[in-house]
Number of protein chains: 2
Amino acid sequence: MSWRKEQRRAERGYHHGNLKEALLQAALGLIAEKGAAGFTFADAARMAGVSAAAPYRHFRDRDELLSSIAQRGFEQFEQRLTAAWDDGRPDTVTAFERVGKAYLAFAREEPAFYNAMFESGVPVDSNPALQAASERAFNIIRAAAERLAALAPPGTPRPPAMMMALHIWSMAHGVASLFSRGDAARRKLPMSPDELLEAEVLIYLRGLGFPTDRRAQAKGAEPPPVPPEASSGSGLPPGGPWGKPK
Amino acid sequence: MSWRKEQRRAERGYHHGNLKEALLQAALGLIAEKGAAGFTFADAARMAGVSAAAPYRHFRDRDELLSSIAQRGFEQFEQRLTAAWDDGRPDTVTAFERVGKAYLAFAREEPAFYNAMFESGVPVDSNPALQAASERAFNIIRAAAERLAALAPPGTPRPPAMMMALHIWSMAHGVASLFSRGDAARRKLPMSPDELLEAEVLIYLRGLGFPTDRRAQAKGAEPPPVPPEASSGSGLPPGGPWGKPK
DNA sequence: CAGCTCATGTAAACCTCGTTCACATGAGCT
DNA sequence: AGCTCATGTGAACGAGGTTTACATGAGCTG
């Protein structure tokens with residue numbers, strides 16, 4: 001069995017050359033497989049072909065590795081949310097929903113990152129860089145909420161954008177962690193997590209008085225009077241945001 | 001140092017008498033302190049004054065202890081939700097909001113249970129009793145949603161109660177796990193988690209067309225025509241569900 | 001190019017934990 | 001009194017986290 005280690009060493013020499021990165025990648029894979037709780041420092045080292053003590057040259061301890069991954073996660077998260085938001089094109093509500101979907105997509109497609117970010121027990125404030133990355137990501141949601149709030153129909157009290165952002169975040173996180181990942185996904189649902197979240201957000205926005213029919217507005221302009229096609233006076237498609245009751 | 005162990009043994013004899021219960025209590029305390037991830041079987045044994053091997057007479061392994069705690073958690077959770085719902089008294093919306101508050105209160109006051117139930121990585125289906133307890137608890141929310149759905153204003157499409165229940169659950173869980181517990185509670189918020197959730201639920205209900213002014217209905221009866229005091233035609237108090245924009 | 005230095009890796013050791021196994025104890029029944 | 005079985009003990013194993021003393025070699029310096 002030890003020829004393997006020898007061969008690896010022969011391949012790469014005494015020094016690895018890029019161990020830090022290799023450890024992060026290995027950890028990412030392991031966390032995706034077994035969750036942040038099941039991930040071990042030693043395994044990551046093994047996977048990178050180095051001794052168990054080597055990682056300590058690059059991370060103070062296991063928690064710091066985890067926290068680094070969480071930080072990267074928030075960075076990628078921010079990118080995905082930014083792309084989804086696309087500065088509110090083609091219209092604010094459509095873009096807003098796209099952000100919601102991007103949230104769930106991230107949670108589903110990057111389970112390792114999501115796990116490290118929200119479920120690993122790493123305190124957000126354990127590391128200033130982590131905290132900053134987390135805030136940048138949240139700010140995307142907040143900025144989107146800001147734009148949405150500015151569209152509040154005249155006559156309606158304008159909702160605080162921060163509150164809206166927190167509400168949306170809680171919905172997305174709630175759906176993701178209860179229904180969209182890992183063991184939780186095994187709960188039997190009448191609809192997909194994506195549909196669930198989309199309906200939730202639409203109903204919420206309607207509750208704030210927003211026209212949730214996309215045709216009713218464009219490019220962030222003040223919404224025009226509701227056109228006659230918009231059904232039931234609420235701007236929603238017939239049947240409600242949850243589709244036809246099959 | 002060993003006089004302590006001896007004394008303990010002297011106090012309680014060779015047999016503990018109620019080790020299973022003692023272990024559950026010890027675990028509860030440890031989880032509350034350090035989270036389910038940081039909790040160790042050995043610590044629980046130490047705290048109960050027995051050897052590290054003793055717990056295996058009562059639990060197959062560490063996971064089974066955790067799962068037992070999660071189950072108890074769901075049972076207590078169900079009780080609290082049931083009490084809060086109080087069969088929809090004095091009116092459905094009020095009772096519904098009380099359930100939301102009870103959810104958060106439970107998450108805050110019973111961090112160990114909440115942790116074991118939702119954040120410990122214990123799969124809900126690892127144990128039939130656990131699964132059943134979890135479903136009973138969720139059924140309270142579902143039943144409440146059912147009653148609420150039946151109140152849908154005439155002319156509005158009636159929302160599926162199951163969907164409503166899932167939405168409410170996701171909001172409550174989202175707020176609890178992001179803002180109301182442990183490290184997460186350190187995020188700076190413009191309002192308390194309770195207020196945040198209450199506003200969220202009210203806005204959501206309004207989005208479904210429910211009159212969210214409590215005076216507008218009583219005892220689950222069909223809501224009467226909106227009285228003149230109900231402002232702005234939405235049934236909400238002036239300023240919106242989030243209070244005055246200070 | 002020889003030599004030095006420091007970042008980077010290794011091996012070995014220590015502690016804790018989860019888990020198992022052979023054995024001890026004593027509560028309750030016969 | 002004696003049996004028996006549930007319950008607890010101690011020792012042992014393997015694994016992981018972490019530290020420490022030592023090894024290696026990449027890159028600078030003269």
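Both backbone and side-chain heavy atoms feed into the values below; hydrogens, waters and symmetry mates do not. Worth saying up front: this structure is predicted, and the values here are computed from it rather than measured. A, B, ... follow the sequence lines: proteins, then strands. Residue 1 opens every chain.
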(request) Calculate, to the nearest 0.5 Å, the distance between atoms CG and CG belonging to L202(B) and L197(B) respectively. (result)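 These two atoms lie 9.0 Å from each other.
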If you check every side-chain atom of [X], which of [options] has the closest atom?
X: H58(B); options: dA11(C), dT19(C), dG8(D); value: dG8(D)
X: D43(B); options: dC21(C), dT19(D), dC17(C); value: dC17(C)
X: T40(B); options: dG8(D), dC17(C), dG17(D); value: dC17(C)
X: A53(A); options: dA11(D), dG9(C), dA11(C); value: dA11(C)
X: F41(A); options: dT10(C), dT9(D), dT18(D); value: dT18(D)
X: V50(A); options: dG18(C), dT10(C), dG16(D); value: dT10(C)
X: Y56(B); options: dT19(C), dT18(D), dG9(C); value: dT19(C)

Return the orientation label for the [X] and [Y] ring planes: parallel under 30°, perpendicular over 60°, tilted otherwise.
X: H173(A); Y: H173(B); result: parallel
X: F118(B); Y: Y114(B); result: tilted
X: F113(B); Y: F106(B); result: parallel

(message) Please determine whether salt bridge (charged side-chain N to carboxylate O under 4.0 Å, His left out) holds for the pair E135(B) and R142(B), giving the CA-CA distance in whole Å, both sets of side-chain angles, and the decisive distance to 0.1 Å.
(response) CA-CA 10 Å; E135(B) 272 164 26; R142(B) 203 231 275 240; over 6 Å; no
Spacing between [X] atom [atom1] and [N] atom [atom2], to the nearest angstrom:
X: L19(A); N: dA26(D); atom1: CG; atom2: P; value: 15 Å
X: F59(B); N: dG18(C); atom1: CZ; atom2: P; value: 14 Å
X: L23(A); N: dG9(C); atom1: CG; atom2: P; value: 8 Å
X: R62(B); N: dT16(C); atom1: CZ; atom2: P; value: 17 Å
X: K34(A); N: dA15(D); atom1: NZ; atom2: P; value: 13 Å

(message) Any base atoms under 4.0 Å from G38(B), or only sugar-phosphate, or nothing? Heavy atoms, all strands.
(response)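 Nothing, no heavy atom under 4.0 Å.
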(message) Please classify the nucleic acid contact of A54(A) as base, sugar-phosphate, or nothing, using heavy-atom distances under 4.0 Å.
(response)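 The residue A54(A) makes base contact.
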(request) Answer yes or no: does a side-chain N or O of R46(B) lie under 4.0 Å from OP1 or OP2 of dC17(C)? (result)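 For dC17(C), OP1 or OP2 has a side-chain N or O of R46(B) closer than 4.0 Å.
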